[in-house]
Amino acid sequence: MALPLDIRRANERFHTRTGWLDSRHSFSFSHHRDPKNTHFGLLLVSNDDVVAPGTGFETHPHRDMEIITWVLDGGLVHQDSEGHSGVIYPGLAQRMSAGTGILHSEKNDSWTLTGRPEHHDPVHFIQMWTIPDESGIHPGYEQLDINDELALGGWTTLASGMPGHGNQRAIGIRQKHAALHVARVRPAETLEIVTAPFVHLFVARGSAELEGAGALATGDAVRITGAEGQRVTGGSDGAEVLMWEMDAAISMA
């Protein structure tokens with residue numbers, strides 16, 4: 001049985017480091033395999049990636065997966081086989097539905113598309129995968145700048161397939177049992193997390209304190225089964241927090 005509140009520290013995550021990529025994985029990914037850590041709720045992948053300039057993920061395939069990318073620093077170039085391309089930047093939410101199959105690349109070479117001078121800065125982003133509630137859909141892509149909503153404070157719905165979020169300005173995902181929210185929590189500010197069967201809380205940067213879990217640092221995550229509106233408070237430097245709300249889980253039967 002899953003623990004009601006399972007804290008995963010940043011230094012406990014699987015770590016991939018190459019000449020161009022520094023990546024930490026919340027769940028089993030690539031050659032990192034742990035049969036006891038394959039997913040939580042409907043969330044299969046939550047990777048914290050830093051990619052060196054002029055490099056990135058070459059063209060590769062995906063199928064039947066909802067992929068959400070959230071950039072923390074820098075610019076990430078997306079190109080796919082459906083003809084979509086662009087630079088993802090902080091505050092711009094992006095979703096790619098792999099559906100029946102899609103090819104895409106992600107690179108830190110945004111000057112080639114923007115016309116700006118060549119830079120030498122890494123790009124830092126979180127990429128998250130959840131299964132769709134329907135397989136075999138046509139591949140799709142959506143992006144939305146939510147910087148104005150973030151500036152208002154509190155939780156902002158970044159992506160959702162839940163019927164109850166239909167009137168919110170957020171990118172859509174093909175999963176009616178999941179939603180992703182983000183907050184830039186100011187120092188000492190307190191927010192309530194959602195009440196849901198499964199909540200995955202990730203501190204993307206900064207520090208915070210979660211009721212019942214204590215202090216959380218950059219890269220720490222908490223998996224909450226049966227969340228009941230626990231409170232999260234920003235640390236001395238504030239925090240950027242990603243919160244998955246899920247009312248179903250992957251069946252392993």
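Heavy atoms only: backbone and side chains are in, while hydrogens, waters and symmetry mates are out.
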Under 3.5 Å side-chain donor-acceptor pair for [X] and [Y]:
{"X": "Q175", "Y": "T130", "result": "no"}
{"X": "R95", "Y": "S97", "result": "yes"}
{"X": "D49", "Y": "N47", "result": "no"}
{"X": "R33", "Y": "S28", "result": "no"}
{"X": "Q127", "Y": "T69", "result": "yes"}

Hphob cluster co-occupancy, [X] + [Y], side-chain heavy atoms under 4.5 angstrom:
{"X": "V232", "Y": "I7", "value": "yes"}
{"X": "I67", "Y": "I250", "value": "yes"}
{"X": "L158", "Y": "L43", "value": "yes"}
{"X": "M65", "Y": "V45", "value": "yes"}
{"X": "L92", "Y": "M96", "value": "no"}

List in chain and number order the residues that pass salt bridge (charged side-chain N to carboxylate O under 4.0 Å, His left out) with E118, two or more places apart in sequence or in another chain; answer none if no residue qualifies.
none
Just jot down the salt bridge (charged side-chain N to carboxylate O under 4.0 Å, His left out) partners of R17, sequence neighbours excluded, or say none.
D22
Quick check on E228: does its CD atom have over 12 non-hydrogen neighbours (other residues, nucleotides or ligands) under 6.0 Å away?
no
Check whether more than 12 heavy atoms from other residues, nucleotides or ligands sit under 6.0 Å from atom CZ of R231, and answer yes or no.
no
Looking only at atom types and distance, does a side-chain atom of [X] sit under 3.5 Å from a main-chain N or O of [Y], one as donor and one as acceptor?
{"X": "D64", "Y": "G136", "answer": "yes"}
{"X": "H120", "Y": "P53", "answer": "no"}
{"X": "H200", "Y": "F198", "answer": "no"}
{"X": "Q79", "Y": "S85", "answer": "no"}
{"X": "E142", "Y": "G172", "answer": "yes"}

Which word best sums up how the rings of F125 and F57 line up, parallel for under 30°, tilted for 30 to 60°, or perpendicular for over 60°?
perpendicular
Do [X] and [Y] have side chains that get closer than 4.5 Å, going by heavy atoms?
{"X": "P90", "Y": "D73", "result": "no"}
{"X": "M128", "Y": "S46", "result": "yes"}
{"X": "H124", "Y": "R205", "result": "no"}

Calculate, to the nearest 0.5 Å, the distance between atoms NZ and CH2 belonging to K107 and W20 respectively.
9.5 Å
Calculate, to the nearest 0.5 Å, the distance between atoms CG and CD belonging to L144 and Q94 respectively.
12.0 Å
Do the ring centers of W70 and F202 come within less than 6.0 Å of each other?
no
Ring centroid separation for H104 and H62, is it under 6.0 angstrom?
yes
Test of understanding: with ring-ring contact (aromatic ring centres under 6.0 Å, His included), list the residues that count as partners of H165, not counting sequence neighbours.
H181
Under the side-chain contact (heavy atoms from CB on, under 4.5 Å) rule, what do I126 and L72 come out as? Steps first, then yes or no, please.
CA-CA 8 Å; I126 313 298; L72 298 172; 4.0 Å; yes
Minimum heavy-atom separation for N108 and D121, please, with both atom names.
ND2-O, 2.9 Å
